[in-house]
Amino acid sequence: MRQINNFINGEFVASGIGKRFDKRSPVDNQVIASIAEAGQAEVDQAVSAAKHALAGEWGQLSTNDRVDLLYGVADEITRRFDDFVAAEMADTGQPHHVMTHAFIPRGAANFKVFADIIKNVPTESFHMDTPDGRGALNYGVRVPKGVIGVVAPWNAPFLLMTWKVGPALACGNTVVVKPSEETPLTATLLGEVMNKVGVPKGVYNVINGFGPDSAGEFLTRHKDVDAITFTGETRTGSTIMKAASDGIRDVSFEMGGKNAGIVFADCDLDNAVDGIFRSSFLNTGQVCLGTERVYVERPIFDRFVTALKEKAEGVTFGRPTDAGVNYGPLISQEHREKVLSYYAKARADGATIVTGGGVPDMPADLAEGSWVQPTIWTDLPESSAVIQEEIFGPCCHIRPFDSEEEVIELANASDYGLATTIWTENLTRAHRVAGKVDVGITWVNSWFLRDLRTAFGGAKQSGIGREGGVHSLEFYTEMRNVCIKM
Ligand SMILES: NC(=O)c1ccc[n+]([C@@H]2O[C@H](COP(=O)([O-])OP(=O)(O)OC[C@H]3O[C@@H](n4cnc5c(N)ncnc54)[C@H](O)[C@@H]3O)[C@@H](O)[C@H]2O)c1
Ligand SMILES: O=C/C=C/C=C(\O)C(=O)O
């Protein structure tokens, strides 16, 4: 049984409150690790270590030396690639291919891309005229914000945690990371990497535990945390925002979505079906950018539904490393109950169940896992909770539409505004529609194609702020101005 401890000031630390919690495999619900729960004392120690590191060696490093260390972290992650793949498969139960091709490679990338940006990004300078004719020079200086609280989710734990830690460290901050209680393993492994590479103690810290009245809340309420970056459910973001306001801390929130896929009749149908299949069922539908609402132009509606049904029914369930497995379980029994409750709501609201809607028959050794069938519905009213609320599972509803104006209205009728995909061979129309959908990210004839230099974040209830490229610097640094009279 793996014993997972907190990582504070370069040391693995047990729970000061003597509490540990079990990590269960999503595949068969067996306990695979025992996790030390950080109490207030451990959170205080972690924040204090992060604060002292700022004043110590880390804070004195030149940008180039800091960047060299981050490149070292990326290289060590790559060297231990298989360890990170194994840890994340144990945590999430997701297939090997999903780890090796979608999620784990982003760990090293999230450090490299921001190491490169911080080395090359300009600041600003202005010359101003003055009445005496001698003028003045203004110049901007970026400085680290300080101790960053990182609160991460369970659906792509390593990708999403390093998506925050990479830029935070590149900008000279220190971090205290609170991974999800569901997926603690890769954040702990990264602690080993930090020590191996020689990142000064206290720069990277990990506290394990839960949200309310546990490590998450202790971190987001801590007076010495200078900013909070959070990825998770919208309602959790609302709670954290209240905590952050006690002490006035900046926040960056990447939250829920109820993303629309818009499929026009002139699309490349095979590409559109493949793209919607991936965006609805990758990671068992547990991707914030995924598609749970599909709108298909009427002339191809029946063909599209038939083709997506065939792909959904062709998945192979099983353990992450079993040959041919391309479909895993949900993260936990609790989340499975949530997803199944929406499967029941769909039936109650009169959905036509095109495929799925229940629990697959699994072999005895997997029967206790958090498995659900990939599911497709049609014929629901837009007012159904299935259409309005984030399910975060392997399911989507498909509805026909007859005009561009109609589908834009349908797509925008959501409290969320994270992502949209548009499938059409008419790029003039793609540009036009992309300009009218109220989301942070729109993909055309593609999905989850990520250039890490671009602005990433959600509108409406899907987020606050943008990260990615220089946008991350706006959150992870303070820009100061110096004015020199000539
Ligand atoms: N927009 C994005 O980029 C993005 C990316 C991934 C996931 N998500 C969203 O995340 C959600 C799934 O992740 P989840 O179930 O882990 O989300 P969650 O909100 O339940 O938990 C996220 C993290 O917040 C912590 N937390 C919970 N309550 C807290 C509190 N009161 N104070 C401090 N910390 C607290 C949890 O322990 C966990 O570490 C989905 O809604 C998904 O859409 C969004
Ligand atoms: O589940 C949501 C995945 C979000 C992905 C990113 O934040 C990213 O690609 O940077």
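Hydrogens, waters and symmetry mates play no part in the numbers below; they use all other heavy atoms, side chains included. Note that this is a predicted model, so its numbers are computed, not measured. In listed order, ligands and their atoms are each counted from 1.
For ligand 1 and E217, the ligand atoms under 4.0 Å from any heavy atom of the residue are 32 (N), 33 (C). Residue F456 approaches ligand 1 through these ligand atoms, each under 4.0 Å from one of its heavy atoms: 3 (O). The I240 neighbourhood of ligand 1 comprises atoms 32 (N), 33 (C), 34 (N), with distances under 4.0 Å to a heavy atom of that residue. Below 4.0 Å from some heavy atom of E181 lie the following atoms of ligand 1, by number and element: 36 (C), 37 (O).
When heavy-atom distances to ligand 1 are checked against a 4.0 Å cut-off, E182 has no atom that comes that close, whether in backbone or side chain. Contacts of A156 with ligand 1, taken as heavy-atom pairs under 4.0 Å, are absent altogether. For E390, every heavy-atom contact with ligand 1 shorter than 4.0 Å involves the side chain, none the backbone. With a 4.0 Å cut-off on non-hydrogen atoms, T234 does not touch ligand 1 at all. Within the 4.0 Å heavy-atom criterion, the part of L418 lying near ligand 1 is the side chain and not the backbone. Residue-level proximity to ligand 1 for N155 is carried by the side chain, the only part with a heavy atom below 4.0 angstrom. Heavy atoms from both the backbone and the side chain of T231 come within less than 4.0 Å of ligand 1. Contacts of L219 with ligand 1, taken as heavy-atom pairs under 4.0 Å, are absent altogether.
Atom 14 (P) of ligand 1 has W154 NE1, 3.3 Å as its closest protein atom, hydrogens excluded (heavy atom only). Of the protein's non-hydrogen atoms, A152 O, 3.3 Å is the one closest to atom 38 (C) of ligand 1. With hydrogens left out, the protein atom closest to atom 27 (C) of ligand 1 is T236 CG2, 3.4 Å, a heavy atom. For atom 12 (C) of ligand 1, the closest non-hydrogen atom on the protein side is F392 CE2, 3.7 Å. The nearest heavy-atom contact from the protein to atom 33 (C) of ligand 1 is G216 C, 3.3 Å. Atom 13 (O) of ligand 1 has P153 CB, 3.3 Å as its closest protein atom, hydrogens excluded (heavy atom only). Counting only heavy atoms of the protein, atom 24 (O) of ligand 1 lies nearest to V151 CG1, 3.3 Å.
Side chains of Y343 and K345 form no contact here, defined as non-hydrogen atoms less than 4.5 Å apart. Side-chain contact between D213 and F218 is present, with at least one heavy-atom pair separated by less than 4.5 Å. By the 4.5 Å heavy-atom criterion applied to side chains, L185 and R2 are counted as neighbours.
For atom 8 (N) of ligand 1, the nearest non-hydrogen atom from the set G256, C288, A244, G211 belongs to C288. For atom 10 (O) of ligand 1, the nearest non-hydrogen atom from the set A215, G232, S214, G149 comes from G232.
Of the polar atoms of T239, none of the N or O atoms is found under 3.5 Å from an N or O of ligand 1, judged by distance alone. Ligand 1 has a nitrogen or oxygen under 3.5 angstrom from a nitrogen or oxygen of E233. Close N/O approach between M255 and ligand 1 is found [any backbone or side-chain N/O within under 3.5 Å]. Looking at F230 next to ligand 1, no N or O pair under 3.5 Å apart turns up.
Geometrically, R399 does not engage W377 in a cation-pi contact, judged by NZ or CZ lying under 6.0 Å from the ring centre and within 45° of the ring axis.
Every residue two or more places apart in sequence or in another chain that forms a side-chain contact (heavy atoms from CB on, under 4.5 Å) with A53 is listed here: T174, V203.
Between the side chains of N208 and R20, not a single donor N or O lies within less than 3.5 Å of an accepting N or O. Side-chain polar atoms of S15 and E42 form no donor-acceptor pair below 3.5 angstrom.
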Please tabulate protein-ligand N/O pairs under 3.5 Å for ligand 2, atom names and distances to 0.1 Å.
| unit_1 | atom_1 | unit_2 | atom_2 | d |
| --- | --- | --- | --- | --- |
| ligand 2 | 1 (O) | N155 | ND2 | 2.6 |
| ligand 2 | 1 (O) | C288 | N | 2.7 |
| ligand 2 | 9 (O) | R106 | NH1 | 2.8 |
| ligand 2 | 9 (O) | R450 | NE | 2.7 |
| ligand 2 | 10 (O) | R106 | NH2 | 2.7 |
| ligand 2 | 10 (O) | R450 | NE | 3.4 |
| ligand 2 | 10 (O) | R450 | NH2 | 2.8 |

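Between D226 and K145 no salt bridge is recorded (no basic side-chain N to carboxylate O distance below 4.0 Å). Using a cut-off of 4.0 Å between Lys/Arg side-chain N and Asp/Glu carboxylate O, K23 and E181 are scored as not salt-bridged. Salt-bridge annotation for D28 and R319: present, with a side-chain N of the basic residue lying under 4.0 Å from a carboxylate O of the acidic one. Salt bridge absent: R24 and E182 never bring a charged side-chain N and a carboxylate O closer than 4.0 Å. Ionic pairing of K258 and E390 is not present here: no N-O contact between side-chain nitrogen and carboxylate oxygen is shorter than 4.0 angstrom. Under a 4.0 Å N-O distance rule, the pair K311/D274 qualifies as a salt bridge. Under the 4.0 Å criterion applied to side-chain N and carboxylate O atoms, E217 and K178 are not assigned as salt-bridge partners. Under a 4.0 Å N-O distance rule, the pair R466/E474 does not qualify as a salt bridge.
For F21 and F210, the ring centers sit closer than 6.0 Å to each other. Separation of the W154 and F392 ring centroids falls under the 6.0 Å cut-off. When ring centroids are compared, Y327 and W371 stay outside the 6.0 Å threshold. Here F158 and F84 bring their ring centres to under 6.0 angstrom of each other.
Between S180 and P153, the shortest heavy-atom distance links the atoms CB-C, 3.7 Å.
For atom 21 (O) of ligand 1, the protein comes within 4.0 Å by no heavy atom at all.
At least one heavy atom of P179 sits under 4.0 Å from some atom of ligand 1. Within the 4.0 Å heavy-atom shell around ligand 1 one finds P212.
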